[in-house]
Number of protein chains: 2
Amino acid sequence: MSAREQRQVASDAGLSKQRVVVEAIRLADREGVDGLSMRRLAGELGAGAMSLYHYVANKEQLLDAMIDIVFEEIELPPEETDWQSAMRRRAVSARQVLASHPWAIGLMESRTSPGPANLRHREAVTACLRRAGFTVLTATHANWLLDSYVYGFALQEASLPFDTADEFTGMTEEVFLPQLPPDEFPYLNESAAALVAAGYDPAEEFIFGLDLILAALEPLRASA
Amino acid sequence: MSAREQRQVASDAGLSKQRVVVEAIRLADREGVDGLSMRRLAGELGAGAMSLYHYVANKEQLLDAMIDIVFEEIELPPEETDWQSAMRRRAVSARQVLASHPWAIGLMESRTSPGPANLRHREAVTACLRRAGFTVLTATHANWLLDSYVYGFALQEASLPFDTADEFTGMTEEVFLPQLPPDEFPYLNESAAALVAAGYDPAEEFIFGLDLILAALEPLRASA
DNA sequence: TCGTACACTGTACGACGTACGGTGTACGAG
DNA sequence: CTCGTACACCGTACGTCGTACAGTGTACGA
């Protein structure tokens, strides 16, 4: 048995850029982006820290690659349906993916050059809009608008300190409301109370705004 | 002249939480959030690194305080106009502020508890919407929708690798287009070409989506 | 049999956040 | 006028970070 094969047994498989990046994503999902260090990542892979630099030029490039894998996970707009359904599907998918990799959102601000999966995604979305009858310029507007909504929603969702409706109710009643004097924040109190009563569901909230935007974009199609 | 007065001359004024946080923001604006270290910040203030810990519990709290100062800079919705104008003003202000502190957007994802300025802002926005005739629930929807758009737009804008229209044209023609094979990315090519021809202005782009959202929200008012 | 190339790693450096234990000065009490 | 205390500030040190650099061992073609 060669040393390479030994290593493969010891660490589940030989190293590769793919394996490094995938494990990095797992680590970031588990511990947050601050918990992702080259040493820890190497440890997870059963390797020395410097070995990683044979597959990734530096940590920045590793982060770029991680982001692009995230984009790969987002569904492309299906081609066989009307444009609104297609956009809704890909937006919903994007929200799900970003919610399961919250660190990705904070990373986008600092990373300026889009990866290949990102480009493929943009191309597919633009294609869908153009084929639906939007002009080049209105398609650009629609693109900015939809992406802004999706990213902004994911950003807000990521900064919520709870994940489930129960946690929300608990946190609101025990932490937030006591911090909000009703005379200074009457409307926030009212709104928090209503949300506790009505229940809290980010997926529903997301769909509401999304459908409102899609409906408002409909009249901009040239061939309507 | 006392030692304290000497210090004040040497470093422009005695230390204070306010001064520490403001200088931290200046440093982050200038060098990015990665360039902000306790040692460098202390250096800018003419102090030792550990002195900062008398005004800030740790770096996390410093970042929280920075974010809240940023929220303080955003205009509250004016009370004397119709709700759409009020929302437009505060949204435009928010975009400007976030564009001048791009690091703030990436920070929001990891920071979960809102500061006082943030709360005041939310209260004022919610008040404006409720007074305009939105119900508690539709006001919540509108809030999520508008904030998502503003934050998401700011996030996308921050991740653009250029600041001016000229830079945009240059980068597009010299860097992006050569990377986009026309047969693989026909629509992105078309759209890039159109943008170069029509000129690029993020402020206009922002207003487009904003007004579209505001118009779409109008019919949701109860007292319309 | 040997040379080369490749995959990998050990060590070391400078910078980071911050715990801990000072140090000097201002100031109220005696 | 003296002195105790409180406060503002800092020097040093520890563990961790990213990563430059200089190896080391093995596979493989000649």
Side-chain angles (χ1 to χ4, degrees), chain A residues 1-25 27-28 30-67 103 106-107 110-111, chain B residues 1-25 27-28 30-67 103 106-107 110-111:
Chain A
M1 186 186 252
S2 74
R4 160 149 217 140
E5 281 163 330
Q6 278 181 11
R7 221 182 304 114
Q8 287 186 347
V9 169
S11 54
D12 261 4
L15 252 42
S16 73
K17 175 157 183 178
Q18 172 81 0
R19 226 166 84 75
V20 168
V21 177
V22 166
E23 191 63 39
I25 291 178
L27 193 53
R30 200 154 16 100
E31 317 255 353
V33 76
D34 287 344
L36 170 65
S37 79
M38 299 301 269
R39 283 178 236 257
R40 278 209 61 185
L41 175 54
E44 300 288 331
L45 291 161
M50 291 312 292
S51 308
L52 306 181
Y53 287 88
H54 274 264
Y55 304 98
V56 175
N58 47 43
K59 196 181 184 182
E60 290 286 293
Q61 192 181 102
L62 171 64
L63 297 176
D64 283 341
M66 291 168 67
I67 292 263
W103 46 266
L107 243 45
S110 44
R111 241 123 287 291
Chain B
M1 188 188 249
S2 74
R4 161 152 215 136
E5 281 163 329
Q6 278 181 10
R7 220 183 305 114
Q8 287 187 345
V9 169
S11 54
D12 262 3
L15 252 44
S16 72
K17 175 156 184 180
Q18 172 81 0
R19 227 165 84 74
V20 168
V21 177
V22 166
E23 191 63 38
I25 291 178
L27 194 52
R30 201 154 16 102
E31 318 256 353
V33 76
D34 287 343
L36 170 65
S37 80
M38 299 302 268
R39 283 176 234 256
R40 280 210 61 185
L41 175 55
E44 299 288 330
L45 292 161
M50 291 313 291
S51 308
L52 304 181
Y53 287 87
H54 275 263
Y55 304 99
V56 176
N58 48 41
K59 196 180 184 183
E60 290 286 293
Q61 194 182 98
L62 171 65
L63 296 176
D64 283 341
M66 290 167 66
I67 292 264
W103 47 266
L107 244 43
S110 47
R111 241 120 288 291

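A note on names: the letters A, B, ... follow the listed sequences, proteins ahead of strands, and every chain is numbered from 1.
- With sequence neighbours excluded, the residues that form a side-chain contact (heavy atoms from CB on, under 4.5 Å) with B/Ser51 are B/Leu15, B/Ala47.
- Applying the salt bridge (Lys or Arg N to Asp or Glu O under 4.0 Å) test to residues at least two apart or on different chains, the pairs with a partner in residues 47-60 of chain B are B/Glu60-B/Arg111.
- Atoms CG and CH2, from B/Leu63 and B/Trp103 in turn, are 8.0 Å apart once rounded to the nearest 0.5 Å.
- Scanning for side-chain contact (heavy atoms from CB on, under 4.5 Å) contacts around B/Gln61 gives B/Lys17, B/Val56, B/Ala57, B/Asn58, with sequence neighbours left out.
- Across the protein-nucleic acid pair, A/Arg39 atom CZ and C/dA12 atom P stand 13 Å apart, rounded to whole Å.
- In this structure A/Gln18 satisfies the side chain to side chain donor-acceptor pair (under 3.5 Å) test with no other residue, sequence neighbours excluded.
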So which protein nitrogen or oxygen atoms get under 3.5 Å of nucleotides 20-22 of chain C's nitrogens or oxygens?
none

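- Whole-Å rounding puts the B/Arg19 CZ to D/dA8 P distance at 15 Å.
- D/dG15 atom C1' lies 15 Å from atom CZ of A/Arg40, rounded to whole Å.
- Regarding A/Tyr53, its OH atom lies at a distance of 15 Å from the P atom of C/dG10, rounded to whole Å.
- Only B/Asn58, B/Lys59, listed by number, bring a heavy atom of residues 57-67 of chain B to less than 4.0 angstrom from any atom of DNA chain C.
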Can you give me the dot-bracket string for DNA chain D, 5' to 3', counting Watson-Crick and G-U wobble pairs with both distances under 3.5 Å, using [ ] for crossing pairs and | for partners on another strand? ||||||||||||||||||||||||||||||
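- When rounded to the nearest whole Å, the span between CG of B/Leu41 and P of C/dC16 equals 11 Å.
- What you find for B/Leu62 and B/Ala24 is that their closest heavy atoms are CD1-CB, 4.0 Å.
- Taken residue by residue, residues 31-38 of chain B places heavy atoms nearer than 4.0 Å to DNA chain C at B/Leu36, B/Ser37, B/Met38.
- Distances shown here put a side-chain N or O of B/Ser51 below 4.0 Å from the OP1 or OP2 atom of D/dC10.
- With a 4.5 Å cut-off on side-chain heavy atoms, B/Met66 and B/Leu36 count as touching.
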Side chains of residues 38-45 of chain B: which donor-acceptor pairs under 3.5 Å do they make with residues two or more places apart or in other chains?
| from | atom 1 | to | atom 2 | distance (Å) |
| --- | --- | --- | --- | --- |
| B/Arg40 | NH1 | B/Glu31 | OE1 | 3.3 |
| B/Arg40 | NH2 | B/Glu31 | OE2 | 3.3 |

